[in-house]
Amino acid sequence: MNRIKHLCIAIFVSPELALGLAVAVFVTAAPKLAAELGVAIRSDPEVWKYLPALTLIFSGAAINSSFKLRAPLESFSNKILYHWSGYQLLVDRVYVGLFYGVCSAAASLALWIVGKKINPILTASIFLAATLISGVTALTMLLAQQKLRELLEANT
């Protein structure tokens, strides 16, 4: 039961969700600007050609960091980490981050495939949300990886 509570906190109290809500507020508060952004994204063939690249790069970085979070030290034993009482919380947060990254990549690919057929506001919303969420996921996982490594090296 406690694990479910922590998973819910990781999902609903996260920078990824905050950015998703910020995009929703932006689109609601400034639909004309969002529509102009959507039209600009769709009208530039170079942007459209490489649209999913940034999101996929961020998602790939998050996946790479997830491996390093679960086994951060190459030259020392990670046994301290594996016996830490909060290790399962760390693993669950990694899974939540991977979920956000994969969903962002999927949204970006879907936008790339069908984006020219949908409303420009929706195009801008999906583009902004997917890119920002995958970016913040990669950043938080990278920062967690660096901090965890610092802590483990200080204790070995």
Side-chain angles (χ1 to χ4, degrees), residues 1-72 74 81 86-151:
M1 189 65 174
N2 203 19
R3 185 172 179 194
I4 292 171
K5 179 181 94 173
H6 288 293
L7 271 172
C8 288
I9 290 170
I11 292 168
F12 296 113
V13 183
S14 66
E16 293 92 344
L17 186 64
L19 276 173
L21 292 173
V23 169
V25 167
F26 164 70
V27 169
T28 304
K32 186 176 179 183
L33 186 58
E36 290 174 10
L37 177 62
V39 168
I41 290 169
R42 293 185 341 184
S43 65
D44 188 349
E46 285 301 306
V47 170
W48 199 256
K49 185 173 160 184
Y50 298 109
L51 180 70
L54 190 58
T55 305
L56 293 174
I57 289 169
F58 286 149
S59 296
I63 290 169
N64 186 38
S65 287
S66 74
F67 293 124
K68 292 180 181 176
L69 274 168
R70 296 194 63 191
E74 295 91 26
L81 176 64
Y87 179 68
Q88 191 59 51
L89 295 174
L90 173 71
V91 170
D92 289 344
R93 182 59 180 105
V94 167
Y95 289 152
V96 169
L98 288 174
F99 171 76
Y100 278 126
V102 168
C103 287
S104 295
S108 184
L109 287 172
L111 179 63
W112 185 54
I113 293 167
V114 298
K116 290 195 175 195
K117 299 174 186 164
I118 61 175
N119 183 323
I121 294 175
L122 190 56
T123 299
S125 301
I126 294 171
F127 173 74
L128 286 173
T131 304
L132 292 173
I133 289 171
S134 64
V136 79
T137 298
L139 180 63
T140 57
M141 290 181 85
L142 176 67
L143 292 173
Q145 170 196 341
Q146 290 173 344
K147 186 62 178 179
L148 185 61
R149 189 174 179 113
E150 286 173 12
L151 291 170

Report the distance from atom [atom1] of [X] to atom [atom2] of [Y], rounding to the nearest 0.5 Å.
{"X": "Q145", "Y": "R70", "atom1": "CD", "atom2": "CZ", "result": "14.0 Å"}
{"X": "L89", "Y": "H6", "atom1": "CG", "atom2": "NE2", "result": "5.0 Å"}
{"X": "I57", "Y": "S134", "atom1": "CD1", "atom2": "OG", "result": "10.0 Å"}
{"X": "I133", "Y": "F58", "atom1": "CD1", "atom2": "CZ", "result": "12.5 Å"}

Kindly write out the residues that satisfy side chain to side chain donor-acceptor pair (under 3.5 Å) with T55, not counting sequence neighbours, or none if the list is empty.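 Result, side chain to side chain donor-acceptor pair (under 3.5 Å) vs T55: T131.
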Only counting residues at least two apart or in another chain, list the ones meeting side chain to side chain donor-acceptor pair (under 3.5 Å) with Q88.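 Q88: side chain to side chain donor-acceptor pair (under 3.5 Å) contacts with D92.
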Using the ring pair (Phe, Tyr, Trp, His ring centres under 6.0 Å) criterion, which residues pair with Y95? Sequence neighbours excluded. none
Grab the two heavy atoms, one from L69 and one from M141, that are nearest each other, plus how far apart they are.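 Reported closest heavy-atom pair: CD1-O, 3.9 Å.
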Flag, side chain of S59 to backbone of G101, donor-acceptor distance under 3.5 Å: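 Between the backbone of G101 and the side chain of S59 there is a qualifying donor-acceptor contact (under 3.5 Å).
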Donor-acceptor pairs under 3.5 Å, side chain of residues 33-40 to any protein atom, not counting sequence neighbours: which ones?
none

Please set out all donor-acceptor pairs under 3.5 angstrom arising from side-chain atoms of residues 14-22, sequence neighbours excluded.
{"residue": "S14", "atom": "OG", "partner": "I11", "partner atom": "O", "Å": "3.1"}
{"residue": "S14", "atom": "OG", "partner": "L17", "partner atom": "N", "Å": "3.2"}
{"residue": "E16", "atom": "OE1", "partner": "R93", "partner atom": "NH2", "Å": "3.0"}
{"residue": "E16", "atom": "OE2", "partner": "R93", "partner atom": "NH2", "Å": "3.3"}
{"residue": "E16", "atom": "OE2", "partner": "T137", "partner atom": "OG1", "Å": "3.1"}

Is it the case that atom OH in Y87 sees more than 12 heavy atoms from other parts of the structure closer than 6.0 Å?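 Yes, because the 6.0 Å sphere around OH of Y87 holds more than 12 heavy atoms from other groups.
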Decide yes or no for V27 and L128: does some side-chain heavy atom of the first lie under 4.5 Å from some side-chain heavy atom of the second?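 No, too far: nothing below the 4.5 Å cut-off.
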Side-chain donor-acceptor distances from residues 105-119 under 3.5 Å, at least two apart:
{"residue": "W112", "atom": "NE1", "partner": "W48", "partner atom": "O", "Å": "3.0"}
{"residue": "N119", "atom": "OD1", "partner": "I121", "partner atom": "N", "Å": "2.7"}

